[in-house]
Amino acid sequence: MTEVFRSLGRGSFYMDGPMFSNYTFLVTCHPKNLEYILKTNFSNFPKGESFKEIFDALGVGIFNVDSDAWRLQRKLAHAGLRLGEFKDQVANTSRKVVEEQLVPFLAHVAEEGFSNDLQDVFSRYAYDINMGMVFGRYENYLYIGLPSNEMAEITDAALRALLFRNVVPLFVWKLQRLFRIGKERVIMKAQKMVDENYGEYIFQKRKHLLAGVETADLLSIYIKALADNSSNFASLAGKDNYLKDEMLNLFLSTENQLSRKTYFLMEVW
């Protein structure tokens, strides 16, 4: 994409989508356009129904809503991310994963002298940190031996399947969904696993909070905020489907950022 921008000598261009898809994309990297779309006139650019349909697996989370719902969820997310307790949780989680998993793993690789797929390592690193930040859980996905983790693997596969929806005609993935085949089958399996696992995480977290076990992960922060009847977020209270969708949105967002940043830092190093 960078080469295309440079060859055209301008900051924006139109791009046709795949054959029969009836898609046309406006691609831009011009700073003024980005400011206009993402900041100055953000309300003029809703995601729209097509976006919500393609990314329906994200449910009613922050990346799939518009208008008042988006503003309310953004306010809640910002309130949680600004808390000093959460910042401490991030620091402690990162340190724990680095000291107990990443360093021992890299030392083992160096000692044994075998090669390894760093992209896989970064993904596992990001997954483990994210589990600690979002749910207060430690999965040891980066442990020596690189154990399998069906939840992590099916989530990655489902993300690729959602992106696949953007590059094929609408009827293709809708037919796959109708007959429960191909990449749509992967999305369905992932949705079922997320529903079951995240539902259990929420149940256990509420149980711990009622027992007086205080944690500063995002799930705990959200549960307490929704339980506060005096807050602006009380309208979302009791909606476990919202909690599951929101945790999934936050998890996927931070994991993607962590993986990219880790890859960049390792390249520099």
Side-chain angles (χ1 to χ4, degrees), residues 1 14-27 45-67 69-70 73 117 119-120 122-124 126-127 130-131 134-135 137 139 141 146-204 219 236 238-260:
M1 296 296 284
Y14 284 105
M15 183 174 70
D16 290 332
M19 191 177 295
F20 306 119
S21 67
N22 198 32
Y23 289 154
T24 300
F25 301 96
L26 171 62
V27 185
F45 297 91
K47 301 176 183 77
E49 295 305 315
S50 295
F51 181 96
K52 294 175 185 177
E53 185 177 32
I54 290 174
F55 292 99
D56 57 3
L58 299 181
V60 293
I62 191 171
F63 297 117
N64 225 17
V65 294
D66 285 313
S67 304
W70 177 82
Q73 293 183 31
D117 179 3
Q119 184 61 41
D120 181 42
F122 300 154
S123 295
R124 289 169 180 267
Y127 184 86
N130 252 14
M131 288 300 291
V134 179
F135 299 106
R137 301 172 62 90
E139 301 292 300
Y141 191 35
L146 300 181
S148 61
N149 183 315
E150 189 178 9
M151 185 68 184
E153 292 162 4
I154 195 66
T155 301
D156 286 342
L159 272 178
R160 290 192 293 271
L162 287 176
L163 294 176
F164 174 75
R165 287 180 174 182
N166 283 274
V167 296
V168 297
L170 190 67
F171 72 88
V172 172
W173 68 262
K174 284 202 169 185
L175 276 176
Q176 287 190 356
R177 184 171 64 179
L178 177 64
F179 293 106
R180 298 173 177 268
I181 60 174
K183 295 186 182 297
E184 290 301 308
R185 184 181 180 87
V186 174
I187 294 175
M188 292 176 183
K189 183 178 179 181
Q191 286 179 300
K192 182 179 179 181
M193 288 191 67
V194 166
D195 189 60
E196 292 174 352
N197 284 271
Y198 281 28
E200 180 62 21
Y201 298 161
I202 293 169
F203 173 78
Q204 291 295 335
L219 180 56
L236 299 169
K239 299 180 180 179
D240 279 4
N241 283 337
Y242 162 69
L243 265 180
K244 284 185 282 189
D245 291 343
E246 187 69 346
M247 292 304 107
L248 176 62
N249 280 239
L250 294 173
F251 184 91
L252 295 177
S253 172
T254 49
E255 183 182 26
N256 187 36
Q257 292 182 46
L258 274 169
S259 192
R260 290 201 310 269

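The first residue in the sequence is number 1, and the count goes up from there. Here the structure is a predicted model, which means the values were calculated and not measured. No hydrogens, no waters, no symmetry mates; every other heavy atom, side chains included, goes into these values.
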> Step by step, would you call Gln73 with Asp245 a side chain to side chain contact (heavy atoms under 4.5 Å, CB included)?
Replying inline: CA-CA 12 Å; Gln73 293 183 31; Asp245 291 343; over 6 Å; no
> Given Glu196 and Met151, is the side chain to side chain contact (heavy atoms under 4.5 Å, CB included) satisfied, shown in steps?
Replying inline: CA-CA 11 Å; Glu196 292 174 352; Met151 185 68 184; over 6 Å; no
>> Applying side chain to side chain contact (heavy atoms under 4.5 Å, CB included) to Phe135 and Gln204, what does each step give before you reach the verdict?
In response: CA-CA 10 Å; Phe135 299 106; Gln204 291 295 335; over 6 Å; no
>> Using side chain to side chain contact (heavy atoms under 4.5 Å, CB included), reason through Trp70 and Lys47 one step at a time and then give a plain yes or no.
In response: CA-CA 11 Å; Trp70 177 82; Lys47 301 176 183 77; 3.8 Å; yes
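Nearest heavy atom pair, residue Ala152 against residue Tyr141, reads CB-CE2, 3.6 Å. Across all their heavy atoms, Ile187 and Ala161 have their closest contact at CG1-CB, 3.5 Å. Heavy-atom minimum distance, Arg180 versus Arg185: O-NH1, 3.4 Å. Heavy atoms only, all atoms of each residue included: Gly59 and Asn64 are closest at O-ND2, 3.1 Å. The minimum heavy-atom distance between Asp16 and Thr24, with the atom names listed, is OD1-OG1, 3.8 Å.
Asn166 has its side chain within reach of Phe55: a pair of non-hydrogen atoms, C-beta onward, lies under 4.5 Å apart. Residues Ile154 and Val186 have side chains in contact (heavy-atom distance under 4.5 Å, counting atoms from C-beta outward). Ile202 places none of its side-chain heavy atoms less than 4.5 Å from the side chain of Met247. The shortest side-chain heavy-atom distance between Arg177 and Asp56 falls under the 4.5 Å cut-off.
Heavy-atom contacts from other residues, nucleotides or ligands closer than 6.0 Å to CZ of Phe45 number more than 12. Residue Lys52 qualifies as enclosed at atom NZ: its count of foreign heavy atoms under 6.0 Å is above 12. Other residues, nucleotides and ligands place no more than 12 heavy atoms under 6.0 Å from the NZ atom of Lys192. By the 6.0 Å contact criterion, CD on Glu200 is enclosed, its count of non-hydrogen atoms from other residues, nucleotides or ligands being greater than 12.
For the atom pair CG (Leu58) and CG (Leu159), the distance works out to 8.0 Å, reported to the nearest 0.5 Å. To the nearest 0.5 Å, atom OH of residue Tyr127 and atom OG1 of residue Thr155 are 6.0 Å apart. In this structure, Asp195 CG and Leu248 CG are separated by 11.0 Å, a value rounded to the nearest 0.5 Å. Arg165 contributes atom CZ, which lies 12.0 Å from atom NZ of Lys183 (distance to the nearest 0.5 angstrom). Rounding to the nearest 0.5 Å places CD of Glu153 at 8.0 Å from CG of Asp156. Gln176 CD to Met188 CE: the interatomic distance, rounded to the nearest 0.5 Å, is 9.5 Å.
A salt bridge links Asp120 with Arg124; the closest basic N to acidic carboxylate O contact falls under 4.0 Å.
Asn130 places no side-chain N or O within donor-acceptor distance of the main-chain N or O of Leu252, the cut-off being under 3.5 Å. Proximity of a side-chain donor or acceptor of Glu246 to a complementary backbone N or O of Ile62 within less than 3.5 Å is detected.
Ring orientation note: the planes of Phe251 and Tyr198 are nearly perpendicular, at an angle over 60° on the 30°/60° scale.
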